[in-house]
A.B. asks: 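Structure below; questions to follow.
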Amino acid sequence: APRQLQLAGLPKMIWAFYYPWYYANSWASVQLKDHPAAPYASSDPRALARQIDEAQSAGIDGFISSWWGPGHYTDRNLKILLELAQARNFYVTIYFETLSNGAGRSRDEIFNWLTYVIPAYREHPAFMKVNGKPLIVVWASSSVPLATWEEVFASLRARGLDATYLAMGRNLAHLAVFEGLHEYSVFTIQDLAQTFTLSARATRYYPLLADSPAPKIWASTVQPGYDERLIPGRAGAFKDRENGAFYRSTLDAALVSDPDWIFITTWNEWWEHTHIEPSELYGDQYLRITR
């Protein structure tokens, strides 16, 4: 039966994964290869305001802020980030941290966390909404059975707590439950442009299989490099930054797919050396490339 393809119709946006988990003494760690040009604590409003201003100067529209549950340090800092973002016409959403000690969180913990975060932040002007519903990006969504996500989301909706959820990865089966897909790390994907193009096309066409088609969201991810060699217990994966050339190549690949959004991995994940915020080693090179 012929059907009309509907696109998400979202504003084109660039987002950066953001980590509000740093303390003033974090920068003394021997596991860090690089350091911020201006060291900070993630609870310092002056530092967060500077980061938003720097991101906006590079054309970044919002931060996807790592979130570890109610009352956590990252939750307290999210409140500060949202207030500063509102004053600067900047957007914020959360990166729901699904893993706990390497395994997916329990159904009850996921439900309780979402029961807290949706009503706590959905009315905030700076918290990103899609069709009036708060956006929640989910890390490691595959670590929890799809049936569990489906049951949790249905239970929340029955309580008037609806949201727009993006799963991680390129498994189209997730689109039966989630409203979109994204990747986090892309440095191991060989033909990134082709992969993004096929994934974007599949995500957009997926609704045609449904009885009541609803547009889905595709986000292409870009990344400057990767280095976990100083982190104990890791396998030692490494991708050289190539003086910015690798980052440029991922941006080119992302644009080929005409994504709804572009996600940057990351603004400030210093342990895995994926940061683009100004640093001792690179200055503002990656802000200039992004711009």
Side-chain angles (χ1 to χ4, degrees), residues 14-21 31-34 55 60 62-68 74 93-104 136-144 165-172 174 178 180-200 202-203 217-242 244-257 259-277 279 282 286 289-290:
I14 299 178
W15 295 83
F17 290 109
Y18 178 82
Y19 293 88
W21 57 25
Q31 297 175 21
L32 296 179
K33 178 178 178 179
D34 193 7
I60 296 169
F63 283 155
I64 305 167
S65 189
S66 175
W67 189 76
W68 290 81
T74 57
T93 186
I94 64 166
Y95 207 19
F96 189 95
E97 296 284 355
T98 307
L99 290 183
S100 176
N101 297 319
I136 296 176
V137 186
V138 181
W139 157 258
S141 49
S142 295
S143 64
V144 173
Y165 302 95
L166 264 60
M168 190 180 91
R170 288 167 277 131
N171 184 351
L172 296 180
H174 279 76
F178 289 81
L181 301 176
H182 78 285
E183 281 285 12
Y184 181 75
S185 187
V186 298
F187 72 94
T188 60
I189 299 175
Q190 294 301 312
D191 192 335
L192 197 57
Q194 182 186 39
T195 298
F196 281 164
T197 298
L198 293 175
S199 298
T203 302
I217 301 167
W218 167 255
S220 291
T221 300
V222 302
Q223 185 173 356
Y226 186 86
D227 192 351
E228 63 176 25
R229 293 175 297 178
L230 295 178
I231 303 176
R234 294 287 188 93
F238 171 74
K239 174 59 185 176
D240 192 272
R241 290 184 175 230
E242 301 170 11
F246 180 71
Y247 186 51
R248 291 179 184 275
S249 73
T250 64
L251 282 161
D252 290 340
L255 291 169
V256 166
S257 70
D260 296 301
W261 295 328
I262 289 177
F263 286 176
I264 300 173
T265 301
T266 61
W267 176 260
N268 62 338
E269 219 297 6
W270 291 86
W271 312 104
E272 295 177 344
H273 199 243
T274 58
H275 56 279
I276 66 163
E277 77 170 321
S279 74
Y282 309 113
Y286 288 89
I289 293 172
T290 307

A.B. asks: Atom CD1 in Ile94, atom OG1 in Thr74: separation rounded to 0.5 Å?
C.D. replies: 9.0 Å

A.B. asks: Grab the two heavy atoms, one from Trp68 and one from Ser66, that are nearest each other, plus how far apart they are.
C.D. replies: NE1-OG, 2.9 Å

A.B. asks: Nearest 0.5 angstrom please: Ile14 CD1 to Leu251 CG, how far?
C.D. replies: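 Between Ile14 CD1 and Leu251 CG, I get 7.5 Å after rounding to 0.5 Å.
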
A.B. asks: Quick one, Arg170 and Thr195 - any side-chain contact, counting heavy atoms below 4.5 Å?
C.D. replies: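 A side-chain contact under 4.5 Å exists here.
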
A.B. asks: Could you check if a side-chain atom of Ile64 sits within less than 4.5 angstrom of a side-chain atom of Thr266, using non-hydrogen atoms only?
C.D. replies: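 No, their side chains stay 4.5 Å or more apart.
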
A.B. asks: For residues Phe246 and Gly225, report the shortest heavy-atom separation together with the two atoms involved.
C.D. replies: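 In terms of heavy atoms, the two residues are closest at CD2-N, 4.0 Å.
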
A.B. asks: So which atom in Ala140 and which in Leu99 form the shortest heavy-atom distance, rounded to 0.1 Å?
C.D. replies: CB-CG, 3.7 Å

A.B. asks: A side-chain contact here means heavy atoms from C-beta on lying under 4.5 Å apart; do His273 and Phe238 qualify?
C.D. replies: no

A.B. asks: Please name the pair of heavy atoms, one in Pro224 and one in His275, separated by the smallest distance, quoted to 0.1 Å.
C.D. replies: CG-O, 3.9 Å

A.B. asks: Determine whether Phe178 and Met168 make a side-chain contact, defined as any pair of heavy atoms from C-beta on separated by less than 4.5 Å.
C.D. replies: no

A.B. asks: Please determine whether side chain to side chain contact (heavy atoms under 4.5 Å, CB included) holds for the pair Tyr247 and Val222, giving the CA-CA distance in whole Å, both sets of side-chain angles, and the decisive distance to 0.1 Å.
C.D. replies: CA-CA 7 Å; Tyr247 186 51; Val222 302; 3.8 Å; yes

A.B. asks: So among Phe196, Trp261, Phe263, Trp139, which one has a ring-ring contact (aromatic ring centres under 6.0 Å, His included) with His182?
C.D. replies: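 Exactly one pass, corresponding to Phe263.
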
A.B. asks: Apply the ring-ring contact (aromatic ring centres under 6.0 Å, His included) test between Tyr95 and each candidate in Trp15, Tyr18, Phe17, Trp67; give the one that qualifies.
C.D. replies: Phe17

A.B. asks: Quick one: sort the Tyr19 and Trp21 rings into parallel, tilted or perpendicular, breaks at 30° and 60°.
C.D. replies: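 The rings of Tyr19 and Trp21 sit tilted, inter-plane angle from 30° to 60°.
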
A.B. asks: Is there a side-chain contact between Val186 and Thr265 in this structure, where contact means two heavy atoms from C-beta onward sitting under 4.5 Å apart?
C.D. replies: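 When only atoms from C-beta onward are counted, Thr265 and Val186 do not touch, as no gap falls below 4.5 Å.
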
A.B. asks: Compare all side-chain heavy atoms of Asp227 with those of Asp34 and state whether any distance is below 4.5 angstrom.
C.D. replies: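 No, side chains not in contact.
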
A.B. asks: By the definition salt bridge (charged side-chain N to carboxylate O under 4.0 Å, His left out), identify the one residue from Lys33, Lys239, Arg234 that meets it with Glu228.
C.D. replies: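 Of the listed residues Lys33, Lys239, Arg234, the salt bridge (charged side-chain N to carboxylate O under 4.0 Å, His left out) partner of Glu228 is Arg234.
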
A.B. asks: If you compare all heavy atoms of Ala167 against all heavy atoms of Ser141, which two are closest, and at what distance to 0.1 Å?
C.D. replies: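 Taking Ala167 first and Ser141 second, the nearest heavy atoms are CB-OG, 3.5 Å.
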
A.B. asks: Begin with the C-alpha distance, continue with both residues' side-chain angles, and end with the deciding distance and a verdict on side chain to side chain contact (heavy atoms under 4.5 Å, CB included) for Leu181 and Leu172.
C.D. replies: CA-CA 8 Å; Leu181 301 176; Leu172 296 180; 4.1 Å; yes

A.B. asks: Taking all atoms of both residues into account, what is the closest heavy-atom pair of Thr274 and Gln223, and its distance?
C.D. replies: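 Result for this residue pair: CG2-NE2, 3.7 Å.
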
A.B. asks: Does a salt bridge link Glu242 with Arg248, judged by any charged N lying under 4.0 Å from a carboxylate O?
C.D. replies: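 Judged by the 4.0 Å cut-off on N to carboxylate O distance, Glu242 and Arg248 do not form a salt bridge.
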
A.B. asks: Kindly state whether the ring of His174 and the ring of Tyr165 have centres lying under 6.0 angstrom apart.
C.D. replies: no

A.B. asks: Under the side chain to side chain donor-acceptor pair (under 3.5 Å) rule, what do Ser257 and Ser220 come out as? Steps first, then yes or no, please.
C.D. replies: CA-CA 8 Å; Ser257 70; Ser220 291; 2.8 Å; yes

A.B. asks: Answer with yes or no whether the side chains of Trp270 and Glu277 bring together a donor and an acceptor at under 3.5 Å.
C.D. replies: yes

A.B. asks: Rounded at 0.5 Å granularity, tell me how far CD1 in Ile276 sits from CD1 in Ile60.
C.D. replies: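 So the CD1 of Ile276 and the CD1 of Ile60 are separated by 4.0 Å.
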
A.B. asks: Do Leu230 and Leu32 have side chains that get closer than 4.5 Å, going by heavy atoms?
C.D. replies: no

